There are 2 protein chains.
Amino acid sequence: MATEPIKVLVVDDEPNIRDLLTTSLKFNGFSVYAVGNGNDAVLAAEKGKPDIILLDVMLPDQSGFAVTKKIRAMGIDVPVLFLSARDETEDKITGLTVGGDDYITKPFSLDEIVARINAILRRTQKVETEESVLEVGEILMNEDAHEVFVGGQAVEFSPTEYKLLRFLMTNANRVMSKGQILDHVWEYDFGGEMGIVESYVSYLRKKLDPLTTEPVIITKRGVGYMYKSSK
Amino acid sequence: MATEPIKVLVVDDEPNIRDLLTTSLKFNGFSVYAVGNGNDAVLAAEKGKPDIILLDVMLPDQSGFAVTKKIRAMGIDVPVLFLSARDETEDKITGLTVGGDDYITKPFSLDEIVARINAILRRTQKVETEESVLEVGEILMNEDAHEVFVGGQAVEFSPTEYKLLRFLMTNANRVMSKGQILDHVWEYDFGGEMGIVESYVSYLRKKLDPLTTEPVIITKRGVGYMYKSSK
DNA sequence: AGTGTTTATCAGGCATCTCTCAGCAAACTC
DNA sequence: GAGTTTGCTGAGAGATGCCTGATAAACACT
């Protein structure tokens with residue numbers, strides 16, 4: 001586990017987004033370097049040899065596509081995860097998911113970013129050890145197929161339910177506060193109340209509890225929730 | 001599996017096309033070298049000993065046919081997949097596609113390029129291991145004959161339906177987003193909406209579902225589609 | 001030129017999902 | 001044990017995503 005950390009280059013002109021991504025990715029064990037424009041991105045890609053680039057398609061000096069071309073032209077064959085606003089996406093996505101590349105729309109959730117980065121690294125063989133299957137306790141989650149098995153039984157989940165479950169599973173046996181959950185599972189511009197977390201935990205329990213020998217999501221009153229597995 | 005990678009020489013004067021092909025082919029496991037004109041192509045063919053050449057017929061300095069002749073004159077017997085604009089007369093090309101050669105019109109789809117390369121390599125014996133038959137679950141696809149059998153029953157598909165089915169089958173048990181599908185199955189300059197994917201999935205299901213014991217194309221709401229086979 | 005096929009768009013309908021709220025239950029405080 | 005806080009969950013409104021039939025244009029093959 002103490003191998004070289006994965007290097008991520010973050011490129012976005014909005015300082016808020018940059019900080020958000022930097023903090024979150026560092027916390028997830030990545031080594032992060034962030035810049036705010038295309039020129040710096042090209043330079044950083046050349047010098048820093050990142051394993052993956054998080055690249056906003058709308059930059060002040062040039063488009064993310066231009067940046068990608070310049071980087072590739074230098075013979076640097078690094079996968080790119082594009083970030084784009086929801087409305088500019090639909091028509092311009094053509095060609096973006098070629099090779100190891102992928103794209104994600106703003107506003108995104110931090111958990112989703114991490115999941116997608118891992119998916120890309122898995123596909124591009126940068127990481128051999130990573131498995132697309134996440135198994136904790138009685139629950140098995142196949143990320144590629146977006147399928148979940150609880151005690152061997154396939155269970156369907158809505159996108160948000162799925163993300164919440166994945167977040168709790170990846171942080172198994174650790175209490176996560178509702179605030180943390182909201183910050184990681186919901187899109188970063190979510191303006192609602194924390195009650196939504198309670199609702200979704202309830203949805204999860206309704207589907208999970210009938211199939212597990214003991215409750216998997218524990219409430220730590222006044223603190224948060226925890227996915228529990230006796231290992 | 002750890003055999004020598006297939007070497008592909010890409011020759012096209014448009015940098016966009018070059019990048020697109022390079023990225024896509026590399027991701028599909030090929031070793032790629034790309035040049036932008038006929039002279040460099042001849043040199044690269046001599047030094048690089050490619051297993052196959054992707055050759056644009058309209059190059060700035062000389063025609064793709066001239067390039068082919070020079071290469072063959074040097075005793076290098078490499079198959080060529082010609083790329084030509086749709087309006088360039090097809091009969092001219094047809095006469096020149098000797099041996100294992102083939103041609104494909106621009107704009108092409110990336111999935112089609114890979115399929116054609118594999119078909120040529122199969123025919124020219126460069127690769128013995130490759131099979132022309134793709135069988136996943138209850139569906140069997142014979143690439144050479146362009147035939148599909150669903151539960152032993154022959155079914156006809158339109159070109160786009162066929163390509164979509166092949167793409168889903170080659171990525172069985174993995175959810176593919178509509179964006180990914182569009183990027184790989186449709187021509188690279190397709191400017192339409194993702195709704196077209198929904199339509200074609202609907203067409204496929206109408207033909208497949210009556211002949212399979214259970215639905216083969218699964219919708220993962222908010223994520224994409226998946227060809228499912230219980231293995 | 002004529003016919004049938006294929007591609008692509010669109011809109012209506014439908015199912016699901018998201019989020020909020022309110023009443024109830026459980027747990028903690030004193 | 002009474003009061004207070006915190007969490008649980010059913011109900012429901014509105015939004016979203018997906019499916020499919022209708023349709024028109026492009027194309028292919030006589």
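Owing to the predicted nature of the structure, the values given are computational and were not obtained by experimental measurement. Within every chain, numbering begins at 1; the chains are lettered A, B, ... in the order of the sequence lines, protein sequences first and strands thereafter.
Atom CD of A:Glu193 has 12 or fewer heavy atoms from other residues, nucleotides or ligands within 6.0 Å. The 12-atom threshold is exceeded at NZ of A:Lys163, counting heavy atoms of other residues, nucleotides or ligands nearer than 6.0 Å.
The ring pair (Phe, Tyr, Trp, His ring centres under 6.0 Å) test applied to A:Tyr188 returns A:Phe108, not counting sequence neighbours. Annotation: side-chain contact (heavy atoms from CB on, under 4.5 Å) contacts of B:Asn171 (sequence neighbours excluded): B:Phe167, B:Arg174, B:Met176. Judged as a ring pair (Phe, Tyr, Trp, His ring centres under 6.0 Å), and not counting sequence neighbours, A:Phe27 has no contacts. The side-chain contact (heavy atoms from CB on, under 4.5 Å) test applied to A:Asn16 returns no partner, not counting sequence neighbours. Partners of B:Tyr227 by ring pair (Phe, Tyr, Trp, His ring centres under 6.0 Å), not counting sequence neighbours: none found.
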Taking only distance into account, with no hydrogens and no angle test, what donor-acceptor pairs under 3.5 Å do side-chain atoms of residues 217-225 of chain A form with protein atoms, sequence neighbours excluded?
unit_1	atom_1	unit_2	atom_2	d
A:Thr219	OG1	A:Arg205	NH1	3.3
A:Thr219	OG1	A:Arg205	NH2	3.0

Side-chain donor-acceptor contacts of residues 135-143 of chain A below 3.5 Å, not counting sequence neighbours, with atom names and distances?
unit_1	atom_1	unit_2	atom_2	d
A:Glu138	OE1	A:Thr213	N	3.3
A:Glu138	OE2	A:Thr213	N	3.3
A:Glu138	OE2	A:Thr213	OG1	2.8
A:Asn142	OD1	A:Asp144	N	3.0
A:Asn142	OD1	A:Ala145	N	3.2
A:Glu143	OE1	A:Tyr162	OH	3.3
A:Glu143	OE1	A:Arg166	NH1	3.2

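Pairs engaging residues 149-159 of chain B under the salt bridge (Lys or Arg N to Asp or Glu O under 4.0 Å) rule: none recorded [sequence neighbours left out].
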Item to check | nucleotides 19-24 of chain D: protein proximity per nucleotide (B base, S sugar-phosphate only, - neither; heavy atom, under 4.0 Å) | outcome: BBS---
Next on the checklist: Base contacts versus sugar-phosphate-only contacts with protein, heavy atoms under 4.0 Å: please encode nucleotides 24-30 of chain C as B, S and - from 5' to 3'.
Outcome noted: --BBS--
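Judged purely by atom type and a 3.5 angstrom limit, A:Glu112 has no side-chain atom pairing as donor or acceptor with the backbone of A:Ser109.
A distance of 6.0 Å or more separates the ring centres of A:Tyr203 and A:Phe157.
Following rounding to the nearest Å, A:Lys220 (NZ) and D:dC8 (C1') show an atom-to-atom distance of 18 Å. Between the P atom of D:dC27 and the CD atom of B:Glu187 lies a distance of 11 Å, rounded to the nearest Å.
When the C1' atoms of four end pairs are superposed on the next four at each end of the helix from C:dA1-D:dT30 to C:dC30-D:dG1, using five pairs per end, the two resulting axes differ in direction by 40°, to 10°.
Dashed line: the shortest gap from a side-chain N or O of A:Trp186 to OP1 or OP2 of C:dC19 is under 4.0 Å.
For A:Asp189 and A:Lys106, the salt-bridge test fails: no basic side-chain N is under 4.0 Å from an acidic carboxylate O.
The stretch residues 156-165 of chain A touches DNA chain C through A:Ser158, A:Pro159, A:Thr160, each having a heavy atom under 4.0 angstrom from the strand.
Residue-level contact check: A:Lys178 touches the backbone only, with heavy atoms under 4.0 Å from sugar-phosphate atoms and none from bases.
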